[in-house]
Structure formats: C-alpha cells, structure tokens
Amino acid sequence: MKKQKIEKIEPSEPSMQFVLNYSEGREQTSRVSKEEIRRAIENLDKYGDVWLSNCRTVITPYGNCSGISCMAAPDGNPQVAVYFAMTDGLTRYVSGGYRTDDIVRMFYNYFERLEIPEISDWEKGYYTPVSPDDEPYYLYVDNEEYKYITYEDVLAALENLEAGKCTSMLLKTPGCQNGYLEVRGTKDDYIVETGGNNEEGDWVVFMTHAPYIGRVRYWLYNYYYKREFPRMTDEWKDITEEVANDE
C-alpha cells in the first residue's frame, strides 16, 4: 500500500464528529443536535433502535468507547448499551429499566461532554472479531485513522467532504488485501482514486473525476459491502507509474 500524501488540516468544527443512526423509518444523519437526540429517543417505538456513534473513540476507564445506543423492548422498557472497541474485537455493556428522560440525559452527556453512564453493574457482552479472511475496513479522514467503523461512518465522512469539513477520505483493509478507495476534492469535482492487484497480480492505480456525489456513494457502497472496485471504463486514468515515481 502506497503512502498517501494527504495534507493535514485543523478542523473548523469540534474534533469529535457524531452520527445518529436509526434501524427503521429514518436515514442516518451527521447533523446531530440535542433536539434531534431527544426527538429520536422519544420516538423509539417508531425507529426501533437509535445509535449515537463517533468515528474517533473516546478513552474511558472501561476502554475506548465508540458509541451509545438505545433499543426498544417489547415490555416497554428500552435497553441502553455502551460500546467499546478492544484490541481483539468489541464489547458492550447493557442495562434497562430507565425512563426516557434518564436515557436522553445519558445521550446528552456523551454528546456534549464525552461522558459515559456508570456501567459497573451493567451486563457485559463480547463480540467475536471479524475473521482474518474477511478483514474489516479502516477509515482515514484527512490521514487520521479510525478503526471498528460502520458504513454509517463512511457516509458521515463523505458528507463532511461534501461540506468542506475535510479534504479527503480513504478506505482500506489492514493487510491491504482489497486495495484502497480514496475520495478527495471539492463539491461537484470529486477525485476518486483506487489501487489494488489486477488479474495478473500486479499493483495498479487508477483515478477519475466524478461531478456527482451519488456516483461516489455508489462506488463506496459496492466497495464496502461487496468488496468490488468501480468498473474501469475509459473515464479512468491509469496513474500507476506516476504514483510509483512519487514514492
């Protein structure tokens, strides 16, 4: 994997970017506010589950926290879960029986002060890590690495790129078994670069310009979920030699 030459910039927004996700009835959004959080939790029966997640983990005594969620329950007592990214997988702490106002307060504390609830008595669960044969993707935003991501994090990074809050985003697996896909540029002129091994096993790099973000989102979706590169049409330029000469 070649070293990416991405200029580091200081963010104009708060360093912690959040994404609010819904299991039903509404698309995820990175435009998170206290009002949006309260509305989501008060309508939990409509949405099923609500997650407040962040790309960059929050350091706590229990581990590196990657988000908090609230899950609807048949008995009307929703469960709250706090998630942690560990070196060998994911863990979460779960508890229930909280009033809506208590849950809203937990989400507010995490959103505003990066504070998690007191979870020492919560039930602890373990998530089996992804098989090495199917490596997880890492996300790089302005060359800063984020692990244990979801597709919602990828979309949030793309939205930030569209809004001018960052200059580039890149997806790759740790072992680079599936190459990489990078998006940079500005609105209406996105530069998409992809690198990987061709059928002969040689490393190749291609680049194109895309004026529509919908097209970029389509490529990211196929790459993230299907491990498929964009189809190499005439609009893609082979820049393998240029990249090799710059290294």
Side-chain angles (χ1 to χ4, degrees), residues 11 13-130 136-139 141 144-157 159-160:
E13 298 291 330
S15 58
M16 185 61 68
Q17 296 293 324
F18 289 92
V19 179
L20 198 60
N21 309 286
Y22 311 82
S23 62
E24 297 178 11
R26 193 176 178 89
E27 293 184 357
Q28 63 87 26
T29 179
S30 61
R31 298 175 178 86
V32 184
S33 65
K34 292 176 64 175
E35 293 75 15
E36 184 76 5
I37 290 172
R38 174 173 287 278
R39 183 201 55 74
I41 295 174
E42 289 180 345
N43 290 275
L44 194 62
D45 290 340
K46 175 181 178 180
Y47 299 127
D49 302 340
V50 174
W51 296 270
L52 180 63
S53 58
N54 43 282
C55 290
R56 183 183 304 166
T57 56
V58 177
I59 300 175
T60 78
Y62 295 89
N64 295 336
C65 185
S66 59
I68 184 172
S69 75
C70 182
M71 298 154 280
D75 60 4
N77 294 313
Q79 291 186 326
V80 179
V82 181
Y83 298 83
F84 298 90
M86 312 301 287
T87 56
D88 59 347
L90 292 174
T91 60
R92 76 171 183 177
Y93 290 77
V94 183
S95 185
Y98 295 102
R99 298 178 304 169
T100 297
D101 285 345
D102 294 330
I103 298 173
V104 170
R105 191 175 302 110
M106 293 179 192
F107 273 65
Y108 281 1
N109 287 341
Y110 191 69
F111 177 62
E112 293 184 314
R113 296 188 288 275
L114 303 180
E115 294 178 359
I116 64 172
E118 174 52 56
I119 59 174
S120 57
D121 296 330
W122 290 21
E123 180 181 350
K124 182 179 180 180
Y126 179 77
Y127 285 81
T128 304
V130 179
Y137 280 115
Y138 286 4
L139 174 66
V141 180
E144 185 165 359
E145 180 183 87
Y146 300 103
K147 300 179 180 179
Y148 309 108
I149 65 166
T150 66
Y151 183 61
E152 284 72 24
D153 298 320
V154 175
L155 289 181
E159 288 181 4
N160 285 340

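Fair warning: this is a prediction, and the values are worked out from it, not measured in the lab.
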The side-chain contact (heavy atoms from CB on, under 4.5 Å) partners of Glu35 (sequence neighbours excluded) come to Ser33

Shortest non-hydrogen pair, Asp49 vs Ala72, comes out as OD1-N, 3.6 Å

Applying salt bridge (Lys or Arg N to Asp or Glu O under 4.0 Å) to Arg38 and not counting sequence neighbours gives Glu42, Asp101

Subject >> Working for side chain to side chain contact (heavy atoms under 4.5 Å, CB included), residues Val32 and Phe111 >> reply: CA-CA 9 Å; Val32 184; Phe111 177 62; 3.7 Å; yes

Heavy-atom nearest pair, Leu44 first then Met71, reads CD2-C, 3.9 Å

In the structure I gave you, are the side-chain heavy atoms of Ile37 and Leu52 within less than 4.5 Å of one another anywhere?
yes

* **Side chain to side chain, Ile149 and Val154, heavy atoms closer than 4.5 Å** => yes

Practice item. Look only at the side chain of Tyr93 and the backbone of Ser120, and say whether a donor-acceptor pair between them is shorter than 3.5 Å. Key: no

Here the pair of heavy atoms bringing Tyr83 nearest to Arg92 is OH-NH1, 3.5 Å

- Message: With a 4.5 Å cut-off on side-chain heavy atoms, are Pro78 and Ile41 touching?
- Response: no

- Query: Does the pair Ser95 and Asp121 meet the rule for a side chain to side chain contact (heavy atoms under 4.5 Å, CB included), with working shown?
  - Reply: CA-CA 8 Å; Ser95 185; Asp121 296 330; over 6 Å; no

Contacts of Trp122 meeting side-chain hydrogen bond (donor to acceptor under 3.5 Å, both in side chains) (sequence neighbours excluded), chain-then-number -> Tyr98

One should read off an interatomic distance between Leu139 CG and Glu145 CD, to the nearest 0.5 angstrom, of 9.5 Å

Contacts of Arg113 meeting side-chain contact (heavy atoms from CB on, under 4.5 Å) (sequence neighbours excluded), chain-then-number -> Asn109, Glu115

Indicate the ring-plane relationship of Phe84 and Tyr62, choosing parallel, tilted or perpendicular according to the 30° and 60° boundaries. tilted

Ring pair (Phe, Tyr, Trp, His ring centres under 6.0 Å) filter on Tyr137, not counting sequence neighbours, yields Tyr223, Tyr224

Report yes if some heavy atom in the side chain of Cys65 is under 4.5 Å from a heavy atom in the side chain of Val82; otherwise report no. yes

Applying ring pair (Phe, Tyr, Trp, His ring centres under 6.0 Å) to Tyr110 and not counting sequence neighbours gives Phe18

